[in-house]
Amino acid sequence: MELISVVVPCYNEQESLPLFYDEITRVAAQMQQKHELEFEFLFVNDGSKDKTLEILRGLSKVDSRVRYVSFSRNFGKEAAMYAGMQNSKGDYVVILDADLQHPPKFIPQMYEYVSSGEYDCASTRRVSRKGEPKLLSFFARSFYKIINKISQTEIVDGAQDFRFMTRAMVDAILSMPEYNRFSKGIFSWVGFRTKYIEYENVERVAGTSKWNFWKLFLYSLDGIFAFSTAPLAIASVLGLIFCVISFIMIAVIVVKTLIWGDPVAGYPSLICVIFLIGGLQLFCVGILGQYLSRTYLETKKRPIYIVGETEKTKKK
Ligand code: UDP
Ligand code: MG
C-alpha cells in the first residue's frame, strides 16, 4: 500500500487546526474509497505560543495517523517544511498550510497527476491577487520580474508551497541542507516535472497571517541573494562605470586647467560628487556584506531546526 505523508507547518494555529483536521481527514477518507492508500498526518509545531501543541498532543492520542514534531522555538516556515519532509515516511509527501488557504480538496487531483507517472510534483498557482493590497501586488509582481531576469532558477509567479511530491523529489530537496532556505527557489532548482493547478486565492479560515510588508520585503531579498549573484555583478559594473567617468573627468580638468588656468570654483558640485561616490561605495559594500553574512551563517553549519518534543518523546 502506498503511504501519503501530509506535512503541515503550524505557528499559532489553534483556531485553524481543528477545522483543518476535519477537512484533511474527510479528504483522506474520500481518497481511500477509490485507492489503496494509507495516510500519515505530520504536523510541525514551529514554536507556537498558543495552544497549538496541546491540540496536536490531543490529536495524536485519538488518531494514530497523527504525528507531530515540535520545535524548541520558532524557526520559521522554511525550517518547518524541511523538518516535515525529513521526518516523513511516505511514498508521496504533500505540504500544505494549516489555515486552509491550500484547500485539501485539491489533493485527490494532485495525486492523480503524480501517481500516473506523468509528473513528479503537483502544485497550485494562484491566478489572481484579488483581496491583496494594490501596492503589495505591484511589489510582488516586480519581484518576480526582477528575480527571473537575474537568476537562472525560474521562480514561478503565484506558485505556492502547496506541493504534492514523489519521494525522489523530496529526497532531492533534503539533499540541499542550506541554512538560508528560500523554498520557492529550491523547489524549482531541483527540477522534476511540475504540474501547476490554477485556482483563485482563498482567505485563511481563522487566526491571522504572520506576514507583513516588511517581512515580505526581506524575504524577497533573501530570494535574490540565495538564487542570484547578479547584485555582485551590478556592484562591479557600477564601479567600472564610475572609474571610466572619473578618467574622462580628470582628462577634461587637466586640459581645461592648462588652457584657462585654475580659478577656484565648483565647491557645491564637488560635495555632490563626493556624496554620490560615497553612497555608491557603501551600497556596493552593503551588497558584498549580504553575501558575506550569508556565507558566514552557512559556514557555522547550525542545524536548521531543533526538536523539543515529538509524539514519541512526550512525557505522560
Ligand atoms: N508558519 C510557520 N512558521 C512561521 C510562520 C508561519 O510554520 O514562522 C506556518 C503557518 O502556521 C501556516 C503557514 O506557515 O500554516 C503559512 O503562514 P501564513 O498563513 O501566516 O502565511 P500566508 O498564508 O499569509 O502567506
Ligand atoms: Mg495563510
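When a ligand or atom number is given, it counts from 1 through the structure's own listing order.
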Report task. Name the option, out of Phe43, Phe71, Tyr219, Tyr11, that contains the heavy atom nearest to atom 1 (N) of ligand 1. Result -> Tyr11
Requested in this report: Output yes when the distance from some N or O of ligand 1 to some N or O of Ala80 is under 3.5 Å, and no in every other case.
Outcome: no
**Report entry** Part of Asn74 with heavy atoms under 4.0 Å of ligand 1, whether side chain, backbone, both or neither
**Finding:** side chain
Query - For atom 24 (O) of ligand 1, closest protein heavy-atom neighbour - result: Ser209 OG, 2.6 Å
Requested in this report: Would you check, one step at a time, whether the test side-chain hydrogen bond (donor to acceptor under 3.5 Å, both in side chains) holds for Glu298 with Asn180?
Outcome: CA-CA 8 Å; Glu298 295 291 348; Asn180 295 291; 3.1 Å; yes
Report task. Using 2.8 Å as a strict upper limit, say whether an N, O or S atom of Asp99 approaches the Mg ion (ligand 2) that closely. Result -> yes
Report task. Tell me, yes or no, whether the heavy-atom count around Tyr291 atom OH, taken from other residues, nucleotides or ligands under 6.0 Å, exceeds 12. Result -> yes
**Report entry** Check: Asp222 and Arg294 side chains under 4.5 Å, non-hydrogen atoms
**Finding:** yes
Report task. Could you name the option among Ala83, Pro9, Gly76 that has the heavy atom nearest to atom 9 (C) of ligand 1? Result -> Pro9
Query raised in the report: Going by the angle between their ring planes, with limits at 30° and 60°, are Phe227 and Phe182 parallel, tilted or perpendicular?
Result: tilted
Query raised in the report: With under 30° as parallel and over 60° as perpendicular, where do the rings of Phe75 and Phe71 fit, or are they tilted in between?
Result: perpendicular
Report task. Please state which part of Asp46 comes within less than 4.0 Å of ligand 1, counting heavy atoms only: side chain, backbone, both or neither. Result -> side chain
Query raised in the report: Just going by heavy-atom distances, which of Gln101, Lys215, Glu78 is nearest to atom 23 (O) of ligand 1?
Result: Gln101
